[in-house]
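What follows is a set of notes on a single structure, which appears directly below.
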Amino acid sequence: CGESCAGDNISPDVSTFERKTNKIHREYFERLGMNCDIIIPVWNQMQLTKECIDSIIRHTFSPYRLIVIDNGSQRQTKEYLEELTRNNNILITLIRNETNLGYIKAVNQGLQISYGDYVCLLNNDTKVGEGWVKELINVAQSNPEIGIVTPRNANANRKGKELKGKWIEIGFATGFCMLIKREVIQKIGLLDEAYGIGFWEDTDYCQRSKNTGYFCALAKSAYVYHY
């Protein structure tokens with residue numbers, strides 16, 4: 001993948017408008033310092049998607065950009081996503097596919113235009129907890145051998161302060177929410193599209209990162225609820 005995953009060589013699937021928007025966002029984003037691209041593939045499920053994005057807006061306190069890939073959603077979801085791009089309070093890049101290309105191809109479209117120091121793959125049927133990205137990044141920064149970080153999947157009372165910065169090594173991260181260091185993406189590239197619409201691609205990606213000397217970690221104080 002190399003530099004192509006850093007946003008310099010944008011996929012031909014991305015429109016001219018999206019290329020220009022991506023360039024403007026990049027110039028702004030780079031001035032913010034440490035930052036994260038949050039990639040969310042969407043296929044319908046408007047209410048769940050809205051709850052997910054609303055929770056990100058409420059609970060994300062470090063610089064981020066949303067990269068939403070609309071996989072051919074029907075009118076209601078399509079119009080909702082288009083309306084988001086007119087919200088000046090949200091930094092968002094929207095890619096529209098006229099047909100459902102599947103989860104893996106959608107994520108790869110997002111990865112190809114990403115340039116954040118970190119990239120978070122997030123399912124649209126999730127709700128994030130307070131300070132989730134900041135905690136995932138803190139854990140990633142705590143050890144140079146950590147390549148991928150995943151949060152707890154929980155919808156209970158949080159044990160917050162006493163667990164901040166704490167993590168455990170795990171065999172594989174779970175694909176509903178995976179924070180990936182930019183250097184990992186530069187070394188191992190995109191998700192393997194041989195897995196079709198999407199099963200086991202997260203396990204494969206974690207194994208590929210382990211093959212290059214990284215390991216996966218679970219952040220004990222980061223919470224994301226997955227339906």
Side-chain angles (χ1 to χ4, degrees), residues 5-98 101 106-138 151 176-180 182 185 222-225:
C5 288
D8 293 327
N9 298 316
I10 299 177
S11 166
D13 295 330
V14 180
S15 72
T16 301
F17 171 77
E18 287 153 354
R19 289 169 189 257
K20 291 180 180 178
T21 303
N22 202 59
K23 184 177 185 295
I24 294 169
H25 284 178
R26 181 169 190 167
E27 292 170 352
Y28 171 74
F29 212 27
E30 288 176 342
R31 294 198 296 268
L32 298 178
M34 195 64 66
N35 49 59
C36 181
D37 281 319
I38 303 171
I39 298 176
I40 308 176
V42 174
W43 183 52
N44 297 316
Q45 295 183 309
M46 194 206 78
Q47 187 58 39
L48 287 176
T49 301
K50 185 177 185 303
E51 290 176 8
C52 173
I53 292 175
D54 285 349
S55 73
I56 292 171
I57 295 169
R58 286 197 310 271
H59 298 311
T60 308
F61 309 132
S62 52
Y64 71 94
R65 173 181 63 146
L66 294 177
I67 301 177
V68 178
I69 299 88
D70 180 3
N71 248 339
S73 296
Q74 295 176 355
R75 179 178 176 180
Q76 188 179 30
T77 305
K78 177 178 180 288
E79 291 179 350
Y80 162 70
L81 295 175
E82 289 172 346
E83 184 64 28
L84 281 179
T85 66
R86 293 187 281 273
N87 185 337
N88 293 328
N89 296 318
I90 305 173
L91 191 60
I92 180 172
T93 297
L94 175 63
I95 297 174
R96 166 75 180 179
N97 297 322
E98 292 307 318
L101 301 182
V107 167
N108 283 345
Q109 285 179 300
L111 286 172
Q112 286 177 309
I113 67 166
S114 71
Y115 42 73
D117 301 297
Y118 297 88
V119 175
C120 184
L121 311 186
L122 184 67
N123 284 10
N124 68 321
D125 58 344
T126 58
K127 289 193 290 187
V128 304
E130 184 174 332
W132 66 296
V133 159
K134 184 175 181 180
E135 184 63 17
L136 291 175
I137 291 176
N138 286 344
F176 77 93
C177 179
M178 295 195 332
L179 182 89
I180 310 168
R182 168 61 56 193
I185 299 171
Y223 293 91
V224 173
Y225 176 68

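A quick note: this is a predicted structure, and the numbers were derived from the prediction, not measured.
- Side-chain contact check for Arg65 versus Tyr115: some heavy-atom pair is nearer than 4.5 Å.
- Side-chain N or O atoms of Asn44 include one that pairs as donor or acceptor with a backbone N or O of Gln74 at under 3.5 Å.
- Each of Glu135, Arg58, His59 was scored for a side-chain contact (heavy atoms from CB on, under 4.5 Å) with Glu130, with one residue passing: His59.
- The environment of CD in Gln76 is sparse: at most 12 heavy-atom neighbours from other residues, nucleotides or ligands sit within 6.0 Å.
- Test Ile40, Asn97, Val42 against Ile69 for side-chain contact (heavy atoms from CB on, under 4.5 Å) and you get one pass: Asn97.
- Counting only N and O atoms by type, the side chains of Asn124 and Gln45 include a donor and acceptor under 3.5 Å apart.
- Under the 4.5 Å side-chain criterion, counting only non-hydrogen atoms from C-beta, Leu66 is not in contact with Leu84.
- Between Asp117 and Arg182 there is no salt bridge, since no side-chain nitrogen of the basic residue lies less than 4.0 Å from a carboxylate oxygen of the acidic one.
- Closest non-hydrogen pair, Asn123 versus Cys52, comes out as O-SG, 3.9 Å.
- Here the side chain of Thr93 pairs no donor or acceptor atom with the backbone of Ile67 at under 3.5 angstrom.
- Residues Cys120 and Trp132 meet the side-chain proximity criterion, which asks for heavy atoms closer than 4.5 Å.
- Surrounding CZ of Arg86 are more than 12 heavy atoms belonging to other residues, nucleotides or ligands, all under 6.0 Å away.
- Rounded to the nearest 0.5 Å, atoms CD1 (Ile38) and CD1 (Ile92) are 10.5 Å apart.
- Counting heavy atoms from C-beta outward, Tyr118 and Val133 have side chains that stay 4.5 Å or more apart.
- With contacts defined as side-chain heavy-atom distances shorter than 4.5 Å, the pair Thr49/Leu81 qualifies.
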